[in-house]
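Chain letters run A, B, ... following the sequence lines, proteins first and then strands; every chain starts at 1. Every value quoted in this text rests on a predicted model; they were computed, and no experiment measured them.
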Amino acid sequence: MYNFEKIEKKWQKYWETSQVFKAENGSEKPPYYILVEFPYPSGSGLHVGHVRSYAAQDAIARMKRMQGYNVLYPMGWDAFGSPAEQYAIKNHIHPKDAVRENIKTFKSQMQSLGFSFDWSREFSTTDPEYYKWTQWQFLQFYKNGMAYKDKVKVNWCPNCKVVLSNEDAAGGVCERCGSPVIQKEKSQWMLRMSNYAEDLLKGLDDTNFADKIKLGQINWIGKSTGVEVDIDIKDGGKFSIFTTCIETIYGITFFCIAPDGKLIKELMPRVQNKDEVNAYIEETLKKSSMDRTELNKGKSGVEVKGVKAINPVNGKEVPIFLGDFVLGDYGTGAVMAVPAHDQRDFEYAQAHNLDVIEVITGGNIKEKAYEKYDYLENPDSVLINSCEFSGLKVSDAKEAITKMLEKKGIARRVNNYKMRDWIFSRQRFWGEPIPMIKCEKCGWVPMNEEDLPLLLPDVTEYEPTDNGESPLAKITDWVNTTCPKCGGPAKRETDTMPNWAGSSWYFLRFMDPHNDKEFASMDAMKYWGKVNWYNGGMEHVARHLLYARFWVQFLYNIGLVPNKEMIWTRVSHGMILGPNGEKMSKSKGNVVNPDDIIKEFGSDALRTYEMFIGDYEKDAAWSLNGLKGCKKFLDRIYRLGEKLIKSDEYSKETEILMNQTIKKVTLDLDSIKYNTAISAIMILLNELEKLDNITTKDYRTILQLLNPIAPHITEELNEMYELGDKFCNSTWLEYDENKLENITFTMVVQVNGKVRGKIDVSSSTTEDEMKKLALTIENVKNFTNGKEIAKVIVIPKKLVNIVVK
RNA sequence: GCCUGUGUGGUGGAAUUGGUAGACGCGUUGGACUCAAAAUCCAAUGGUAGCAAUAUCGUGUCGGUUCGAGUCCGACCACAGGCACCA
């Protein structure tokens with residue numbers, strides 16, 4: 001048992017006063033930027049899950065420093081957002097006061113874990129010095145035509161009285177409070193993210209994200225390539241449809257249009273069954289797009305009577321239906337329906353008694369639709385019932401029909417994206433105020449950049465208004481202002497930004513956090529380059545990562561950042577689950593507080609355990625016994641110092657293992673395999689314990705290998721036994737390539753692939769010798785005697801497999 | 001429904017990417033030390049049979065490829081996450 005409390009405090013103090021972890025901009029050392037998602041400083045304090053990722057990145061940071069890099073490992077606070085606001089509403093304190101307290105707690109918890117953050121770069125997204133630049137960047141979006149105000153149908157949470165982004169309303173319920181989301185029209189600030197769909201896809205090639213993470217991005221963007229076709233309406237008018245399956249155009253038996261789209265409004269005067277249609281529209285508007293697009297739902301819809309569409313390829317008159325599965329804001333808000341070759345259309349046709357016309361051979365359309373996934377893979381499928389295109393293969397028909405329609409001037413090849421523009425307004429208090437002013441004469445006018453930051457006022461009420469306006473709307477002193485353009489009376493925008501805003505560029509600010517001339521200097525950003533490792537939760541992979549990439553790409557395009565992608569590798573850690581294997585939560589009573597663990601076992605033990613707990617990228621359940629095992633390991637490391645003899649050579653018995661372990665730990669830390677790195681150190685410890693004496697070099701080496709993971713105890717022992725420089729000022733370990741191989745190896749002998757014997761032989765044994773030796777083993781003879789040896793396979797320095805008949 | 005993962009002892013997990021399955025840790029059992037306990041140390045520990053040597057079965061299931069499969073291929077099952085009438 002060592003006095004971890006005293007030791008840990010001592011070294012934390014030393015690191016703080018000596019500023020060894022301070023990163024220098026423009027240093028001659030090669031830069032290395034390690035980033036971990038900055039936390040939202042919640043009231044409940046640091047979670048053991050935070051510890052996992054900070055400890056992991058800390059280990060890399062410490063090793064990289066020893067390897068001679070100028071490491072930037074910063075920490076800050078993502079402190080805008082609704083939990084602080086909700087807390088403020090409940091407890092009648094200003095969110096900024098609550099946030100200040102929470103940050104204090106988080107910071108002291110982090111410091112008690114000895115993370116090597118460069119605290120000189122700390123900031124919070126709620127600091128006016130920071131959000132000034134978030135506002136400034138918004139103005140750049142605006143000035144470049146990328147921000148606009150639009151009346152859009154938005155997800156409205158009646159409980160929180162806020163508009164939610166499409167992403168925040170997943171599942172048809174408010175992400176924050178769980179209430180059902182309804183659809184409501186509201187004027188919102190929007191960012192033209194859809195302009196970047198193609199660039200965001202292409203940019204993935206310039207990153208080193210894992211495939212599953214790239215796929216997450218690709219799925220969000222949701223590109224589909226197809227054809228937009230103009231459709232004439234009988235007796236005047238027309239509309240467009242978008243399809244990815246133009247080859248089925250002769251199979252159209254009806255069209256389906258969005259109940260919430262513009263087209264139905266235009267058609268209304270001609271509609272015969274107005275009551276029915278209106279009722280259906282009203283019904284649809286109650287539903288979120290999530291509800292509308294849910295599978296296993298009745299194929300609801302009504303025919304729009306009195307209006308017919310003309311199939312452009314054969315002049316047939318076709319009925320038009322309203323269907324809520326067609327969304328007004330995706331594609332053109334209208335689709336062609338081909339029941340023979342689309343299962344959804346097929347079921348719709350059955351429900352509404354519509355024709356089914358087969359146009360591609362190979363399926364059984366009496367039972368179900370023969371869909372593109374199937375016919376595209378069937379080389380025998382050809383078109384039928386398609387006039388001059390009948391007999392063509394599907395891929396040829398696709399091209400031929402498209403060309404024919406293009407020639408007629410009624411079709412265009414287009415790409416559609418699921419990803420929509422980013423709804424950037426929130427009717428909240430605790431966010432960055434949007435620096436826009438509405439003038440009676442001039443309309444929307446951006447604030448003068450030199451007037452930023454636009455500060456949040458100090459008030460006592462944070463409740464949103466009942467009509468959904470931000471609490472800021474009630475503060476008339478703040479709202480009333482003058483127009484920057486004409487000087488006339490004007491009002492400020494009262495919406496604030498979403499909390500994704502501040503986190504979309506914080507990694508740039510860390511490169512130059514105290515700059516009051518720019519959000520970060522080009523020199524600083526060029527020096528640091530891309531973030532080498534970005535760690536965070538899997539839950540942020542789709543949204544946060546996409547927003548951040550979009551933000552950076554925009555800044556790049558207006559010449560303000562040096563790279564189009566600023567993040568090279570993204571790593572996501574698995575969750576730490578409760579001891580029962582379930583997600584930790586207060587309600588389940590399975591929350592582990594890191595403070596308690598540090599107090600009882602020390603932060604080195606906690607760090608070591610969380611690194612040893614399992615595969616870093618997978619979830620793992622908390623285990624007190626596992627933690628105790630790691631504490632025991634550190635105690636043994638401590639006691640190992642009792643049998644030191646002075647020597648700057650490795651003990652002969654462990655020289656090979658030493659070199660092997662240095663190699664393994666170095667490689668494992670570089671590839672986030674912390675659990676096997678620790679396991680290798682444990683194996684080394686087991687061997688060293690067997691010796692009567694170990695050399696000071698042995699000891700220093702094992703301590704240094706462990707230092708990135710358990711920095712306090714290793715620094716202490718290194719100092720106590722005067723083994724050398726402090727690790728935080730040392731260079732990393734080298735291994736000798738010539739001393740990685742043992743003089744003997746265990747040769748495995750198989751007969752027909754089954755292990756029948758093992759024998760230790762010299763590493764210099766040749767393949768022929770291995771063969772001969774194999775056949776001398778008694779048990780091997782038992783299986784080969786009297787049989788014909790057909791083949792002998794030799795894997796050098798590993799095994800011999802004898803194949804007998 | 002689609003996409004992406006995952007599936008290995010009592011348990012957390014290893015396995016050099018096709019070459020000894022179960023490293024390392026936990027737990028359990030036995031032993032040493034102790035008046036006793038804790039701590040520590042030593043030994044054993046996938047199932048079955050056997051005193052043992054050893055044999056046999058064994059990485060979700062069923063097949064296949066291979067001298068050899070946890071790893072590759074095909075089909076399926078279960079769980080987790082994501083997306084979704086996206087035309």
Side-chain angles (χ1 to χ4, degrees), chain A residues 1 170-171 210-213 215-216 218-220 222-224 226-227 241-246 248 255-256 289-290 292-301 323-327 329-338 342-345 347-348 372-373 416-418 538-539 541-542 575 581 608-609 612-615 617-630 632-633 635-636 639 664 667 673 675-683 685-686 689 746-758 778-779 782 790-795 797-804:
Chain A
M1 264 300 239
D211 284 347
K212 64 178 173 183
I213 289 168
L215 212 64
I218 291 166
N219 287 344
W220 264 113
K223 179 179 182 174
S224 60
V227 183
I241 55 109
F242 173 73
T243 180
T244 56
C245 308
I246 194 70
T248 62
F255 287 95
C256 216
S289 60
M290 190 62 70
R292 286 167 59 178
T293 56
E294 190 123 3
L295 198 76
N296 303 328
K297 207 184 53 106
K299 306 292 162 203
S300 80
D324 65 6
F325 67 85
V326 182
L327 304 177
D329 52 3
Y330 180 79
T332 60
V335 301
M336 64 181 213
V338 183
D342 182 291
Q343 188 61 21
R344 188 234 308 131
D345 295 349
E347 287 168 24
Y348 198 94
K372 62 178 169 187
Y373 312 99
N416 256 324
Y417 302 91
K418 264 202 257 185
M538 203 59 199
E539 71 275 15
V541 160
M575 267 187 297
T608 307
Y609 171 58
F612 188 62
I613 196 168
D615 184 335
E617 299 191 83
K618 289 189 192 132
D619 294 350
W622 181 265
S623 151
L624 190 60
N625 278 328
L627 174 74
K628 283 180 184 165
C630 288
K632 207 161 110 181
F633 164 64
D635 286 333
R636 283 165 61 200
R639 282 197 301 270
K664 173 138 182 80
L667 289 176
K673 294 169 86 175
N675 53 337
T676 50
I678 293 173
S679 150
I681 299 171
M682 286 174 171
I683 291 168
L685 173 64
N686 289 344
E689 278 180 338
T746 303
M747 184 177 93
V748 172
V749 182
Q750 301 180 329
V751 179
N752 287 350
K754 294 204 171 186
V755 180
R756 297 301 177 190
K758 292 177 195 178
E778 271 310 307
N779 196 42
N782 293 340
K791 207 185 199 180
V792 180
I793 289 139
V794 182
I795 308 295
K797 290 178 187 169
K798 224 161 224 156
L799 64 71
V800 176
N801 186 15
I802 301 158
V803 185
V804 296

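- Taking atom CD of A/E617 as the reference point, atom P of B/A14 lies 11 Å away to the nearest angstrom.
- Residue A/I241 comes nearest to A/T332 through the heavy atom pair CA-OG1, 3.3 Å, listed as atom of the first residue, atom of the second, then distance.
- To the nearest whole angstrom, the two C1' atoms, one in B/C73 and one in B/C57, are 25 Å apart.
- Distance A/N801 CG to B/A69 P: 10 Å, rounded to the nearest Å.
- Expressed to the nearest 0.5 Å, how far CD1 of A/I218 lies from NZ of A/K223 amounts to 10.5 Å.
- From A/N779, atom CG reaches atom CZ of A/R756 across 7.0 Å, with rounding to the nearest 0.5 Å.
- Here B/C83 is the nucleotide among B/C83, B/U16, B/U20 with the atom lying nearest to any side-chain atom of A/W220.
- The NZ atom of A/K618 sits 11 Å away from the C1' atom of B/A14 (whole-angstrom rounding).
- Both A/G333 and A/N752 lie near RNA chain B, and the one whose nearest nucleotide falls closer to the 5' end is A/N752.
- Put simply, OG on A/S679 and NZ on A/K673 are 11.0 Å apart, with the number rounded to the nearest 0.5 Å.
- To the nearest angstrom, C1' of B/G19 lies 14 Å from CE of A/M747.
- The same atom, P, is picked in B/U71 and in B/G19; the two are 11 Å apart, to the nearest Å.
- Taking side-chain N and O atoms only, A/K791 has a distance below 4.0 Å to OP1 or OP2 of B/C67.
- For the C1' atom pair drawn from B/A23 and B/A14, the interatomic distance equals 5 Å after rounding to whole Å.
- Note on A/I795: a base of the nucleic acid sits closer than 4.0 angstrom, heavy atoms only.
- Comparing B/U40, B/A87, B/C83 by their closest approach to the side chain of A/V326 singles out B/A87.
- Contact detail for A/D345 and A/V338: the closest heavy-atom pair is OD2-N, 2.9 Å.
- Distance CG (A/L799) to P (B/G18): 15 Å, rounded to an integer number of Å.
- Heavy-atom distances to RNA chain B give each of A/A621 and A/C245 a nearest nucleotide, and the one nearer the 5′ end belongs to A/A621.
- Residue A/C630 comes nearest to A/F612 through the heavy atom pair SG-CD2, 3.9 Å, listed as atom of the first residue, atom of the second, then distance.
- Within 4.0 Å (heavy atoms only), A/D619 reaches sugar-phosphate atoms of the nucleic acid but no base atom.
- To the nearest whole angstrom, the two P atoms, one in B/G58 and one in B/A69, are 11 Å apart.
- Contact detail for A/C245 and A/M336: the closest heavy-atom pair is O-CE, 3.3 Å.
- For B/A87, neither phosphate oxygen OP1 nor OP2 lies less than 4.0 angstrom from any side-chain nitrogen or oxygen of A/T332.
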Original post:
How does RNA chain B look in dot-bracket form if you count Watson-Crick and G-U pairs under 3.5 Å, write [ ] for pairs that cross, and put | where a base pairs with another strand?
Top reply: (((((((..(((......[....)))((((((.......))))))((((....))))..(((((..]....))))))))))))....

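- In B/G74 the O4'-C1'-N dihedral to the base is more than 90° from 0, which defines an anti nucleotide.
- Contact annotation for A/V803: backbone-only contact, meaning every heavy-atom pair under 4.0 Å involves sugar-phosphate atoms and none involves a base.
- Look at B/U34: its glycosidic torsion is beyond 90° from 0, and that puts it in the anti range.
- Closest to the side chain of A/I793, from the set B/U20, B/C83, B/G19, is B/G19.
- Remark: the separation of the P atoms in B/G9 and B/G60 is 8 Å, to the nearest Å.
- At the heavy-atom level, A/D342 lies nowhere under 4.0 Å from the strands shown.
- For B/G46 and B/G70, the C1' atoms lie 15 Å apart once the distance is rounded to whole Å.
- Rounded to an integer number of Å, the gap from A/E689 CD to B/A43 P is 11 Å.
- Between A/A334 and A/V326, the shortest heavy-atom contact is N-CG1, 4.0 Å.
- Side chains of A/F633 and A/I681 form a contact here, defined as non-hydrogen atoms less than 4.5 Å apart.
- Atom P of B/C76 sits at a distance of 43 Å from the matching atom of B/G27, rounded to the whole Å.
- Here the OH atom belonging to A/Y609 is positioned 8.5 Å from the CG atom belonging to A/L624, to the nearest 0.5 angstrom.
- Counting only heavy atoms from C-beta outward, the side chains of A/N752 and A/V803 approach each other to under 4.5 Å.
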Subject >> Sequence-aligned protein contact record of nucleotides 45-56 of chain B, with B where the base is within under 4.0 Å of a protein heavy atom and S where only the sugar-phosphate is >> reply: ---------SSS

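- In this structure, A/T746 OG1 and A/K798 NZ are separated by 12.0 Å, a value rounded to the nearest 0.5 Å.
- Remark: C1' of B/G12 and CG of A/D615 are 12 Å apart, rounded to the nearest angstrom.
- Counting any heavy atom pair closer than 4.0 Å across all strands shown, A/K673 reaches sugar-phosphate atoms only and no base atom.
- Checking side-chain atoms of A/N416 against main-chain N and O of A/S224 turns up no donor-acceptor pair under 3.5 Å.
- A/V800 and A/M747 make their closest contact through CG2-SD, 4.1 Å (heavy atoms, listed as atom of the first residue, atom of the second, distance).
- Rounded to a whole Å, the OH atom of A/Y417 is 13 Å from the P atom of B/A87.
- Between the C1' atoms of B/C72 and B/U59, the separation comes to 16 Å (whole Å).
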**OP:** List the protein contact pattern of nucleotides 22-30 of chain B with one symbol per nucleotide (5' to 3'): B for base contact, S for sugar-phosphate-only contact, - for none; contact means a heavy-atom distance under 4.0 Å.
**Re:** -BBSSS---

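- Distances were taken from every side-chain heavy atom of A/K418 (C-beta onward) to each of B/C86, B/U40, B/U20; the shortest belongs to B/C86.
- The listed nucleotides are B/A87, B/U20, B/U40; the one nearest the side chain of A/T746 is B/U20.
- Here the side chains of A/R636 and A/N686 are in contact, with some heavy-atom distance below 4.5 Å.
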